[in-house]
Each structure stands twice: as structure tokens, then as C-alpha cells.
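Structure first, commentary second.
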Amino acid sequence: MQDDLERVLFDERTILARLDQLAAQISADYRERELTVIAVLNGSLIFMADLLRRIPLPLKLDCLSVASYHGGTKTTGEVVFKQIMLPDVAGRHILILDDILDSGLTLNAIRRRLEEARPLSIKVCVLLEKQIDRAAPIDADYIGFEIGKEFVVGYGLDYMERYRNLPCIGVLRKELIVQ
Ligand code: IMP
Ligand code: MG
């Protein structure tokens, strides 16, 4: 799997060291409020597991599953909620966790949908943010790392559902991407 990478951007040690900092920041910000985390599956699974174990606060966890990619490397623009029941967010302080902020369409759709259910607050935390002009108006409140335009895999991020279990984050070799 590692051989399929053009280069490694963040190794496991670097990722976990950054999670220590993010977790400290989130713990300080939510010291006085009960936090409800909503993790966007499947991409945020590994990030969520490592981040939440670093936050020593009482919190609730819910998951949400959406599809927007349909296997390619470009978003289709349409965001489909894969479950009928959305998590109960009314009256709660919500922190949405996702793997990557790319076009922003996914997180924007999720945020707007959850806002309709009247939470007390909503913030967004992403492991990666791509430095591009975003199609949707959304900013993340907590960002692990900023990256360029390349397509990355590993540490939860996939290409056609593969590479999620790579412990590092790297750029996928271009010849492996089906045009
Ligand atoms: P957005 O709606 O364009 O912001 O894309 C959101 C989703 O697309 C993410 O949650 C990822 O699942 C996927 N995605 C975007 N960029 C990448 C990438 O570089 N590698 C792997 N998945 C990506
Ligand atoms: Mg994906």
C-alpha cells in the first residue's frame, strides 16, 4: 500500500502530535459545556478514534453517513444522507468531525441540515483542509493540517474505499487514479 504513494505528507507521529494540540484546544474551549461530537463516516473514523481519546471531557458521540463522491476523485456536488434518522442535536453544543474540507459541499450540506434542528452551537473540525477556492461557503473552526490540491489517502481517507488503514497520510501516485 505504501508503495502506491508518490510521497508521504504526514507520518503517524506527526499526526498524533498534532492531535494532542487540537484536543487540548477543543478541551479548553468546551470545558464548561457538554459537547456532542458528530463524526462524518467513513473518512473521519480513525481521526475520531485518536482525537476523542485525547479529550478528557464528558461528551456524547453520534455518527452521520453521507455520500458525495461515488468513487472518483472529484465531487459530484450532490450530497446524499445515507440514514433516515439524523442524530438528535436540539439544545446541544455540536462539533462536526470530518476527514477533509475540499469543495466544502459536504460539510456545508451537513451543517445546514443540522442547523435546522436547532442546536445551541455548531463548530467544525477537520483533519485536513485543502487550499483551494471552495464551491461552498464554509470554514472549519479546528484544522489539523493545511494541504495543497493533491489527492491524498490514508489515516481514514480513501480512494475507491481503499487505503483507509494506512497509518500515514500521503499523495496517491497519479497513474493509479482512473481518469
Ligand atoms: P467536499 O464535499 O468536496 O469538501 O469533499 C468531502 C469529501 O470528499 C471528504 O469527506 C472526503 O471523503 C472526500 N475527499 C475530498 N478530497 C479528498 C482527498 O484528497 N482524498 C480522499 N478523499 C477526499
Ligand atoms: Mg471518501
Side-chain angles (χ1 to χ4, degrees), residues 1-12 14-15 18-19 22 37-52 61-83 86-87 89 94-116 122-179:
M1 259 193 322
Q2 191 101 20
D3 296 341
D4 290 358
L5 297 181
E6 188 180 291
R7 67 203 150 93
V8 173
L9 291 182
F10 310 107
D11 64 15
E12 194 174 9
T14 308
I15 297 169
R18 180 69 187 123
L19 294 199
L22 271 185
V37 173
I38 299 199
V40 184
L41 301 181
N42 298 327
S44 71
L45 247 173
I46 293 173
F47 173 43
M48 171 195 73
D50 283 339
L51 180 73
L52 296 191
L61 172 62
D62 249 312
C63 296
L64 196 69
S65 193
V66 297
S68 61
Y69 252 53
H70 315 292
T73 62
K74 289 266 155 44
T75 184
T76 57
E78 187 200 3
V79 177
V80 183
F81 287 77
K82 291 202 214 162
Q83 73 249 80
L86 289 179
V89 303
I94 303 300
L95 181 64
I96 304 171
L97 281 193
D98 205 356
D99 53 358
I100 186 166
L101 182 54
D102 185 15
S103 74
L105 289 165
T106 308
L107 275 170
N108 194 49
I110 292 171
R111 190 185 176 131
R112 290 174 64 157
R113 180 66 79 84
L114 294 181
E115 267 166 0
E116 288 168 12
I122 296 195
K123 284 192 181 184
V124 173
C125 173
V126 291
L127 176 63
L128 303 174
E129 182 179 84
K130 273 194 195 174
Q131 304 258 270
I132 56 160
D133 289 330
R134 254 169 274 296
I138 178 134
D139 286 319
D141 302 280
Y142 305 97
I143 299 161
F145 303 97
E146 293 186 338
I147 62 169
K149 285 183 187 160
E150 312 106 319
F151 193 82
V152 296
V153 295
Y155 199 73
L157 291 119
D158 73 304
Y159 174 59
M160 292 171 79
E161 296 305 325
R162 289 182 61 210
Y163 307 106
R164 292 197 199 274
N165 56 326
L166 261 179
C168 62
I169 297 170
V171 179
L172 191 61
R173 279 173 31 212
K174 300 216 174 31
E175 64 268 29
L176 296 173
I177 296 176
V178 183
Q179 293 305 322

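Counting starts at 1 for both ligands and their atoms, in listed order. Quantities reported herein were computed from a predicted structural model and do not represent experimental measurements.
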Open item on the list: Checking Arg113 now: which residues fulfil side chain to side chain donor-acceptor pair (under 3.5 Å) with it, not counting sequence neighbours?
Closed with: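 Residues passing side chain to side chain donor-acceptor pair (under 3.5 Å) with Arg113: none at all.
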Relative to the heavy atoms of [X], which atoms of ligand 1 are at a distance of less than 4.0 Å?
{"X": "Lys130", "answer": "16 (N), 17 (C), 18 (C), 19 (O)"}
{"X": "Thr106", "answer": "1 (P), 2 (O), 5 (O), 6 (C)"}
{"X": "Leu157", "answer": "20 (N), 21 (C), 22 (N)"}
{"X": "Asp102", "answer": "1 (P), 3 (O), 4 (O), 5 (O), 15 (C), 16 (N)"}
{"X": "Asp98", "answer": "10 (O)"}
{"X": "Ser103", "answer": "1 (P), 2 (O), 3 (O), 4 (O)"}

Task: Pair Glu150 + Arg7: basic N to acidic O under 4.0 Å - done: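 Yes, charged N to carboxylate O under 4.0 Å.
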Open item on the list: Suppose we call two aromatic rings close when their centres sit under 6.0 Å apart. Are Phe10 and Phe145 close by that rule?
Closed with: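 Yes, the ring centres sit under 6.0 Å apart.
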Task: Heavy-atom donor-acceptor pair, Arg18 side chain to Ile143 backbone, under 3.5 Å - done: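 Yes; judged by distance alone, with no hydrogens or angles, the pair exists.
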Open item on the list: Val152 versus ligand 1: do any nitrogen or oxygen atoms come within less than 3.5 Å of each other?
Closed with: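 Yes - when backbone and side-chain N and O of Val152 are compared with those of ligand 1, one distance drops under 3.5 Å.
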Task: Nitrogen or oxygen atoms of Gly104 and ligand 1 under 3.5 Å apart - done: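 By distance alone, the answer is yes.
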- [ ] Answer with yes or no whether Asp158 contacts ligand 1, where contact means a heavy atom under 4.0 Å from a ligand atom.
- [x]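 True for this residue.
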TODO: Look at ligand 1 and say whether Val153 reaches it with a heavy atom at a distance under 4.0 Å.
DONE: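 No, that is not the case, since the closest heavy atom of the residue is not under 4.0 Å from the ligand.
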Task: Option among Leu107, Leu105, Thr106 that satisfies the side-chain contact (heavy atoms from CB on, under 4.5 Å) test with Ile138 - done: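 So, applying the side-chain contact (heavy atoms from CB on, under 4.5 Å) to Ile138 and each of Leu107, Leu105, Thr106, only Leu107 qualifies.
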Task: Name of the residue among Leu5, Ile169, Leu157, Leu172 meeting side-chain contact (heavy atoms from CB on, under 4.5 Å) with Tyr163 - done: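 Exactly one candidate clears the test, Leu172.
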Task: Exercise: do Tyr155 and Asn165 side chains pair donor with acceptor under 3.5 Å - done: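 No.
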- [ ] Of the side chain and backbone of Val79, name the one, both, or neither that has a heavy atom under 4.0 Å from an atom of ligand 1.
- [x]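 The answer is neither.
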Task: Crowding at CZ, Arg173 (>12 non-hydrogen neighbours, <6.0 Å) - done: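 Yes, the 6.0 Å shell around CZ holds more than 12 heavy atoms from other groups.
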